[in-house]
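Written below as structure tokens is the structure these notes are about.
Note on naming: letters A, B, ... go to the chains in the order of the sequence lines (proteins, then strands), and numbering restarts at 1 for each one. Because the structure is a prediction, the values reported are computed rather than measured.
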Number of protein chains: 2
Amino acid sequence: MATGFFCCQAVYDGAVTDLTSAGAATTPTRRGRGEKSSATIYDIAKLAGVNPSTVSRALSKPGRVSAKTQKIIEDAAAELNYQVNPFARALPTGRTQTIGLIVADITNPTFFDIIRGAETTGSARDYTLVLAESAESPETEVTAARRLLSTVDGLILASPRMDDDQIRALAADKPVAVINREITGVPCVVPDVNKGISEAVRSLAANGHEKLAYVAGPKQSWMTARRWDGVKAAAEWSKLSAVRLESSKPTVDGGRQVARDVLESGATAVITYNDLLAIGLMQELQAGGMSVPDQISIVGFDDIFGADFTTPALTTVRSPLGECGTRAVTILLDMLQGHEAPGEAVRVETELVVRGSSGRLLA
Amino acid sequence: MATGFFCCQAVYDGAVTDLTSAGAATTPTRRGRGEKSSATIYDIAKLAGVNPSTVSRALSKPGRVSAKTQKIIEDAAAELNYQVNPFARALPTGRTQTIGLIVADITNPTFFDIIRGAETTGSARDYTLVLAESAESPETEVTAARRLLSTVDGLILASPRMDDDQIRALAADKPVAVINREITGVPCVVPDVNKGISEAVRSLAANGHEKLAYVAGPKQSWMTARRWDGVKAAAEWSKLSAVRLESSKPTVDGGRQVARDVLESGATAVITYNDLLAIGLMQELQAGGMSVPDQISIVGFDDIFGADFTTPALTTVRSPLGECGTRAVTILLDMLQGHEAPGEAVRVETELVVRGSSGRLLA
DNA sequence: CACAGTTTGTCAACCGGTTGCCAAATATTG
DNA sequence: CAATATTTGGCAACCGGTTGACAAACTGTG
């Protein structure tokens, strides 16, 4: 039952540290064992000759005190190098200036951009990000979410593994935004796969492919179904046949393992649930003597870090994951300011990034 | 610099939410439906028929209350689904059960493993990780560190960019651990590059290489100097000549740009400051018609995610970054329990991972 | 059974801000 | 200039736990 939180708002910076006590009253603060004690609004009040509540108002309620006292108080705060104590502030108000983000796997590169997008957007609006990992387990995820929820102002779930009702329960408590999944009644940000997928399928069709395979991801992933739907529809439209293959896990290793099935399927073009599968698949096929893209074209999904490290570099449907993070934070912070949550899921565009792993069939 | 906006009218909610006008003496928390409003120790005290302070002791000071009341209180807590309010606890004690981690760049894969190691080790001991990014800027880093420091129990700096004295100043305030850099007086965890580097250089020498180039990283990186020292020493020992080349930035792109200098240097084997440089360099050399490793061998550093996506896969000196994260957290938590900080820097071993990008010279 | 020594629970004072309420100070108006 | 409206600052009660001091309830002993 670890709990974490925190916040920070560092408004007053600039003055040098201590050493200049200017000895007026008595040395005010002393604390338990940490030598360094930061100034409190009481110290400021004493220095400025006003009441602590006036200090509080001056520093948080703009316009509530006269410009004159405002100035006096700000000067005193600067001199004492004052920083609000986030805990003291959070206790009565419940506001923590913090948002939580839960991802399934910290080391999965898919989430890197989401994390960064969220962090950047959050700190631009003076919110701090607290990160937690669910280790791909729905149970851990629920626990982490509950835990986090009590210490943050809002929560973002990226590709959550728990079920819809659990998410709705969380959302009933505090603002929640979901990335990479659609749940009615909860604000969601999802990449709209259709554009990217149709571009991919059309490009494959134009290169002479007729038989397409889709390598699916984890069963409990909402996205794997959406992507398969998209591939099926686009293939139909382009008059290609499409077959769905299952992978054991959505990793490089899973991609290697599915290579056999891919060959057996007779498909000449493959779209995978994510880039890791595509990379593993490509490695295994190449190891078996196949030439990519001359004999088989491979298209990944997401455009993760490293997708262009391969030879040939991976063609992939890019999901704007950073934007997803940004959007989710924006929605959340807007909700915290009293805005309505968007009724519809927010959709962000995907697009095909053509690199070397897809092309004309030479066989 | 106006930070806090006025909002929030959520006052001490006595009984605003629901319709139970009632209005008897004291009915602070109603718990008609599930775990909506979190229970406090006062609720538990009432239910268990004891004083709140007894509840507090039962829940945090093991052995301070009798086994009998302990049991009663625990049952009551369980029934009310009690969770401590971290803010309320942090206020008087200053302890937050939280540690901060500052990295230069969230999207730099070098840090992924550090983050994961720290997160895992931390949550195993009931600490939560708070992540901040310095965006490679020393100033941002100092600000972030100061800000974080006031809200966490301890701080970890991974590859810090600020200068030694600033770090010491932080460390004077609260426990601080540093990764990837050595600073006297501050607990540090650093990969011991010597073993990995000598393995690499010896392997290159054994493959017939005589002229070695080292592609350096950012000037302000402490590690780039250490690695160059290691390469120089090992080269001397193995009777190779070694030349140092500068890169513009430690990224794939920086690696591409340095390819010219590498060719001009006449070296047949290259060790780079990190894997990204190695990957970029390899891409550029291959694009120019060079064959790796037949004409030139490339050895990276760190063994980041994706280092084996390349063709040939990258030979690299692996730094156990996850272990660095783990160790740093362990040191920090031990310090928080009153242990002494280790006097010497903690060294973790590096090792050569031989893949396809290094080998015998055929030219 | 009285008495000193231990446990165990209670009281009350914090930690550092926030905010409803009220009175004093100031501004506006007839 | 008096009367009323509006600011502005102070008081004090919180938020939910922690902890030192102390008394009541037990324990063991002579």
Side-chain angles (χ1 to χ4, degrees), chain A residues 3 5 7-9 11 28-34 37-46 48-73 77 80 82-97 150-151, chain B residues 4 6-16 26 28-29 37-46 48-73 77 80 82-97 150-151:
Chain A
T3 13
F5 43 85
C7 65
C8 48
Q9 176 142 347
V11 190
T29 45
R30 97 263 91 143
R31 221 191 333 190
R33 30 172 54 76
S37 61
S38 42
T40 71
I41 56 169
Y42 296 91
D43 299 329
I44 298 178
K46 209 182 298 174
V50 297
N51 189 283
S53 60
T54 308
V55 176
S56 173
R57 291 203 177 92
L59 298 179
S60 50
K61 297 261 163 68
R64 180 57 173 70
V65 304
S66 69
K68 203 180 71 212
T69 37
Q70 175 87 28
K71 176 82 168 60
I72 297 176
I73 289 172
L80 293 174
Y82 173 75
Q83 278 185 257
V84 294
N85 178 326
F87 306 110
R89 162 131 59 194
L91 193 45
T93 62
R95 282 173 34 247
T96 66
Q97 292 291 110
S150 68
T151 58
Chain B
F6 164 30
C7 64
C8 153
Q9 75 289 38
V11 285
Y12 317 105
D13 65 316
V16 183
T26 50
T29 44
S37 65
S38 47
T40 72
I41 56 169
Y42 295 92
D43 300 329
I44 298 179
K46 208 183 298 173
V50 297
N51 190 285
S53 58
T54 307
V55 176
S56 173
R57 291 208 172 86
L59 265 29
S60 51
K61 295 255 160 60
R64 180 56 172 71
V65 304
S66 69
K68 204 181 71 209
T69 36
Q70 177 87 29
K71 177 84 170 58
I72 297 176
I73 289 172
L80 294 175
Y82 173 75
Q83 276 185 259
V84 294
N85 179 327
F87 304 108
R89 178 178 295 197
L91 192 46
T93 62
R95 283 175 26 247
T96 66
Q97 292 288 110
S150 68
T151 57

- Note on the structure: Here the distance between atom C1' of D:dC15 and atom CZ of A:Phe87, to the nearest Å, is 15 Å
- Query: Side-chain donor or acceptor of B:Arg57 under 3.5 Å from a matching atom on the base of D:dG17?
  - Reply: no
- Less than 3.5 Å between a donor and an acceptor, one on the side chain of A:Arg64 and one on the base of D:dG9, is that the case here? yes
- Query: Can you check side-chain contact (heavy atoms from CB on, under 4.5 Å) on B:Thr40 and B:Ile44, steps first, answer last?
  - Reply: CA-CA 7 Å; B:Thr40 72; B:Ile44 298 179; over 6 Å; no
- Query: Quick one: is C:dC14 close enough that its OP1 or OP2 comes under 4.0 Å of any side-chain N or O from A:Tyr42?
  - Reply: no
- Taking the side chain of A:Arg89 as its heavy atoms from C-beta onward, which of C:dT18, C:dT10, D:dG10 lies nearest to it? C:dT18
- Message: Rounded to whole Å, please give me the gap between CG in A:Leu59 and C1' in C:dT19.
- Response: 15 Å
- Message: Any donor-acceptor pair under 3.5 Å linking the side-chain atoms of A:Ser56 with those of A:Ser53?
- Response: no
- When rounded to whole Å, the CD to C1' distance for the pair A:Gln97 and C:dG17 reads 14 Å
- State whether A:Lys61 places a side-chain N or O below 4.0 Å from either non-bridging phosphate oxygen (OP1 or OP2) of C:dT19. yes
- Here the distance between atom C1' of C:dG17 and atom CG of A:Asp43, to the nearest Å, is 13 Å
- Grab the NZ-P distance between A:Lys46 and C:dG17 for me, whole Å please. 13 Å
- Message: Expressed as a whole number of angstroms, how long is the span from B:Lys71:NZ to C:dT8:C1'?
- Response: 19 Å
- Rounded to the nearest angstrom, tell me the gap between atom CZ in A:Arg95 and atom P in D:dC15. 18 Å
- What is the nucleic acid contact for A:Ser66, judged by heavy atoms within less than 4.0 Å: base, sugar-phosphate only, or nothing? sugar-phosphate
- Euclidean distance, B:Ile72 CD1 relative to B:Thr54 OG1, rounded to 0.5 Å: 11.0 Å
- Message: With rounding to the nearest 0.5 angstrom, report the CD1 to CG distance, B:Ile41 to B:Leu80.
- Response: 12.5 Å
- Consider the side chain of B:Ser53, meaning its heavy atoms from C-beta on, and name the nucleotide among D:dG9, D:dT19, C:dG17 that approaches it most closely. D:dT19
- Should A:Asn85 be listed as having a side-chain N or O under 4.0 Å from OP1 or OP2 of C:dC15? no
- Query: Whole-Å distance between D:dG17 P and B:Gln83 CD?
  - Reply: 11 Å
- Nearest to side-chain heavy atoms of B:Ala88, which nucleotide of C:dG17, D:dG17, D:dT19: D:dG17
- Quick one: is B:Ser56 getting a side-chain N or O under 4.0 Å of the D:dG17 phosphate, OP1 or OP2? no
- Do B:Asn85 and A:Leu91 come within less than 4.5 Å of each other through their side chains, counting heavy atoms only? yes
